[in-house]
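What follows is a short report on a single structure.
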Amino acid sequence: LLHMKYFPIDKSLFVSNRNNFLDRMTSKSVAFFNSNDLYPVSADTTLPFEQHRDIFYLSGINQEESVLLLLKKGNNNEIQEILFLKKPNEILTHWEGEKLDKEKAYLISGIKTVYWLEDLEKVTDQIISSVENIYLNSNEHYRAKVVVETREARFNKWIQKKYPTKNNKRSNPILQQLRAVKDPIEIELIKKACMITEKGFRRVLDFVKPGVWEYEIEAEFSHEFLKNRSRKFAYQPIIASGNNSNILHYIENNKQCKEGDIILIDVGAEYANYSSDMTRTIPVSGRYTQRQKQVYSSVLHVKREATNLLKPGVLWKDHHTEVGKIMTFELLKLGLLDRSDVQNQTKLNPAFKKYFTHGTSHHLGLDTHDYGDVTLPIQANNVFTVEPGIYIKEEGFGIRLEDDVIVQKSGNPINLMKSIPIEIEEIESLMDLK
Ligand code: GLY
Ligand code: MN
Ligand code: MN
């Protein structure tokens, strides 16, 4: 049963995700989750379909125009799960291929009650008298900037208008809590994404030499990703040679790589909608300069220390403050800051921010910048990136290193990217083999 390019996912993941959500719903409530729209470009073109991560998390269903309904009448014994799917028809099958039928939808999601979308209103009318609250979902991620009206937003408007006397509750805070703590099945999927990224990176180590173009490196990754059942880059790839490495979100990838320069490569494969997020910084010629090595070693040191500070109970902002102290020490060593810079710094404007201009970590999962309430203490089985960087415009290069790690109940986090070359000697010797 191959729903998409990826291998089937054990449906117990989605069953337990729904159970966790239902546990946190108040009784006499119903919750709805919608697919994303297919976004138009112009004429009859659309962007490739990206399933809404919340309905995927709760059902594994990766098809457009799907709706999930979760009903909790009384206690946990009185729950109901209903999936509504676009009804397959011959014309659809002819043009787009097979759509999900009820049996397949069950095998993917574990949901036994599946109706066609055309019955959504009728079924909702039947159950609505048994509930007082309607949980509406919306994107409340702290970095979200949503200017379009999503399918979910249209649905919310429709249902509020249809049942104006029901209380509305928010699904998003529950999802932010649940999605931040990864299930072992999810960890395997993220590992798989990391492994595909590793294949791409090893291919690139073999490929890079003076004169290659940044987009050619992008193409090498793409080749390896698609060959390994990844649909695409998990986010816009950054292949930044020379001074481009000082541009945090450089995505043009259209310059030629010059001898003596470094290339900052921030690239990750998706797999089954799960992200990986890696950064490596490699020398175009296969050899780092002395100065590049110094800065690189500092970034690598900060990354190691920052990783081991990710422990359950630690507060996000305290983690960042501690990492800042370690970074400050390195910047002093590199001669980028001096004592007076540090003496004059303030809490709001610490000296290290001149060279390390972004956060150290973010949650990673179905979204690259995943859900997770960053005001809450860090928990076991949170998956984070660790990605310090030092950007030196006056010297024409920046270095960032980024791995994905899982926080453990006790001890140091597990690095999901520990087999992806990062040591200076290893990178130089692998690039030497060409
Ligand atoms: N590649 C996006 C990030 O590192 O956050
Ligand atoms: Mn990244
Ligand atoms: Mn990242």
Side-chain angles (χ1 to χ4, degrees), residues 50 53 141-145 179-180 182 187 189-191 193-201 204 214-215 217-218 221-222 224-225 230-241 244-253 262-271 273-282 296 299-300 302-304 306-307 309-310 316 319-320 323 327 353 355-372 374 378 382-391 397-407 413-418 420-422:
E50 283 288 337
R53 298 307 192 241
H141 190 268
Y142 68 110
R143 298 201 200 196
K145 288 189 214 88
R179 278 182 48 186
K182 270 60 179 182
I187 289 172
L189 295 167
I190 297 170
K191 269 190 193 165
C194 292
M195 194 203 76
I196 299 172
T197 301
E198 169 166 4
K199 288 188 176 196
F201 182 59
V204 161
E214 292 164 350
Y215 59 78
I217 297 173
E218 184 175 340
F221 276 109
S222 238
E224 209 60 52
F225 290 2
S230 162
R231 253 184 321 127
K232 58 186 222 3
F233 293 94
Y235 50 91
Q236 293 232 66
I238 298 167
I239 321 265
S241 66
N244 301 328
S245 57
N246 283 316
I247 306 171
L248 294 182
H249 286 167
Y250 173 82
I251 51 172
E252 271 97 19
N253 305 344
I262 50 86
I263 318 169
L264 186 156
I265 298 175
D266 185 344
V267 163
E270 75 81 52
Y271 178 76
N273 286 342
Y274 282 84
S275 286
S276 59
D277 186 0
M278 173 201 79
T279 308
R280 293 291 183 269
T281 307
I282 66 172
Y296 192 103
V299 176
L300 188 56
V302 176
K303 191 184 78 67
R304 293 230 166 86
T307 299
L309 290 169
L310 289 170
W316 189 261
H319 180 256
H320 205 73
V323 174
M327 181 58 95
K353 284 207 170 162
Y355 294 100
F356 176 31
T357 50
H358 53 77
T360 311
S361 295
H362 55 80
H363 285 275
L364 177 95
L366 282 168
D367 285 289
T368 302
H369 296 163
D370 209 28
Y371 282 176
V374 292
I378 291 168
N382 285 161
V383 172
F384 287 117
T385 64
V386 187
E387 50 180 306
I390 296 178
Y391 308 94
F397 73 98
I399 287 177
R400 173 164 72 253
L401 297 170
E402 174 174 26
D403 279 338
D404 305 339
V405 309
I406 317 170
V407 176
I414 290 176
N415 185 350
L416 295 174
M417 293 185 152
K418 63 174 175 292
I420 307 185
I422 198 164

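Counting starts at 1 for both ligands and their atoms, in listed order. Source: prediction; values computed, not measured.
Contact of the V299 side chain with the R400 side chain is not registered, since no non-hydrogen atoms from C-beta on lie closer than 4.5 Å.
Between the Mn ion (ligand 3) and H362 there is an N/O/S contact shorter than 2.8 Å. Distance check for D266 against the Mn ion (ligand 2): an N/O/S atom falls below 2.8 Å.
Formation of a donor-acceptor pair under 3.5 Å by the Y250 side chain with backbone atoms of S245 is not found in this model. For the pair S275 (side chain) and E270 (backbone), a donor-acceptor distance under 3.5 Å is absent.
Atoms of ligand 1 found under 4.0 Å from any heavy atom of E402 (numbered from 1 in listed order, with element): 4 (O). Near Y235, the atoms of ligand 1 lying under 4.0 angstrom from a non-hydrogen atom of the residue are 1 (N).
Looking only at protein heavy atoms, the nearest one to atom 3 (C) of ligand 1 is D277 OD2, 3.3 Å. With respect to atom 5 (O) of ligand 1, the closest heavy atom belonging to the protein is H369 NE2, 2.7 Å. The nearest protein atom to atom 4 (O) of ligand 1, hydrogens excluded, is given as E387 OE1, 3.0 Å; this is a heavy-atom distance.
With respect to the Mn ion (ligand 3), E387 has OE2 as its nearest N, O or S atom.
For the residue pair H358 / Y391, a side-chain donor-acceptor distance below 3.5 Å is found, with atom types taken as modelled. Inspection of the E252 and N244 side chains reveals no N or O donor paired with an N or O acceptor under 3.5 Å.
The angle that E402 OE2 and D277 OD2 make at the Mn ion (ligand 3), rounded to 10°, works out to 80°.
Checked against a 6.0 Å centroid threshold, the rings of H363 and F384 count as neighbours.
Considering every non-hydrogen atom in both D370 and H141, the closest pair reads O-NE2, 3.1 Å.
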